[in-house]
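Data first, discussion second: the structure below is written as structure tokens.
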Amino acid sequence: MTNPISIAIVGLGKIARDQHVPSLAASKEFTLVATASPHNTLEQVPSYTDISALLDARPDVDAVALCTTPQVRFAIARQALEHGCHVLLEKPPGATLGEVRELVDLAASNGVTLLASWHSRHANGVEPAREWLSTRRITRVSVSWKEDVRKWHPGQTWIWKAGGLGVFDPGINALSILTRILPGNLLLQSASLSFPSNCECPIAATLDLADTRGAPIHMDLDFRHTGAESWDIDVETDNGQLRLAQGASVLQINGQAVIVPQATEYSRLYAHFAALIRARRSDTDVAPLMLVADAFLAGRRIEVEAFHE
Ligand code: NAP
């Protein structure tokens, strides 16, 4: 393996350009050596139209970051793992849990690293919140994850197609934080999913969960929200209150802002990926995706008015 690690980005869309490309440019651990995307290229980086062309042309590629839409990610990941590449999966790690299980087995049998990445877990407030909560009993949790889909996902028709998750595309970020900061497993109690009459995925959802001690967790997810985004988690405990605001970038305890170490989510994510590769380990936690799958399995479905962008 090269040092720095030679990496290629597959799927050159919004998140690749906004976060992966700048984070890799700033990383000492990785060098971005190629991209593969059907319609997009990056200036001064060799570009291929698909994973097959990339792997054929570039035996020097050690790792790939898969930033495609979720529905096509599995086949690309399988090919890369079978080729002997380390693989970072953007969230969600698959369109189904079965896909992720298959990838975990493939990574193990090929002796390479698989990272089911959850970028929100690397937000500034998450680890300090986890530590603070670890010594307290949680009594109630409330999550508000609301944003304007027209503002944040313009033209992303894949988000409304089966496997695109609809409002759970951002909502799974909240679940990735909850499953990191709260001890033990979370269990879905009930869910209500609002499907526009012309879409295959929900535009809004409410979830009621419980932690292992039965503390209630209520989540409100909504893509129809306008105005300022709400990406907030409030936790009440037997000894104080904690608030993770603005996607967990801000931490407040008992109403007071807490100073937390500052870094970008994706710089921490790539540091984690590099450490896993060097240690020959994988990180494939599917807890957030499992809770989404449970909501689709057991949730009540409501039809709401058609969505037109
Ligand atoms: P996007 O802007 O629609 O980009 C998706 C890209 O996937 C497109 O640019 C497309 O490439 C590429 N693609 C589709 N099929 C492909 C294939 N067979 N081979 C290679 N590339 C393929 O979507 P996005 O917002 O970046 O989201 C992508 C993933 O990142 C989603 O799972 C999302 O949940 C996650 N994510 C997004 C954000 C965000 O803020 N947007 C944040 C964190 C994570 P072409 O354009 O070349 O056709």
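Residues take their numbers from the sequence shown, with the count starting at 1. When a ligand or atom number is given, it counts from 1 through the structure's own listing order. It should be emphasised that the depicted structure is a prediction, and the values quoted were computed from it without experimental measurement.
- R130 pairs by the side-chain hydrogen bond (donor to acceptor under 3.5 Å, both in side chains) definition with nothing, not counting sequence neighbours.
- For residues 77-94, the side chain to side chain donor-acceptor pair (under 3.5 Å) pairs, not counting sequence neighbours, are H20-E90, S52-Q79, E90-Y266, K91-D169.
- Comment: R121 does not engage E127 in a salt bridge, judged by the lack of any side-chain N to carboxylate O separation of less than 4.0 angstrom.
- Using a 4.5 Å heavy-atom cutoff, the side chains of I7 and T31 are not in contact.
- A salt bridge links R243 with D234: the closest approach of a Lys/Arg side-chain nitrogen to an acidic carboxylate oxygen falls below 4.0 angstrom.
- For ligand 1, the 4.0 Å heavy-atom shell contains residues V10, G11, L12, G13, K14, I15, A36, S37, P38, H39, N40, C67, T68, T69, P70, V72, R73, I76, E90, K91, P92, H119, Q156, W158, D169, Y266.
- Residues satisfying the side chain to side chain contact (heavy atoms under 4.5 Å, CB included) criterion with R213, sequence neighbours excluded, are R137, D211.
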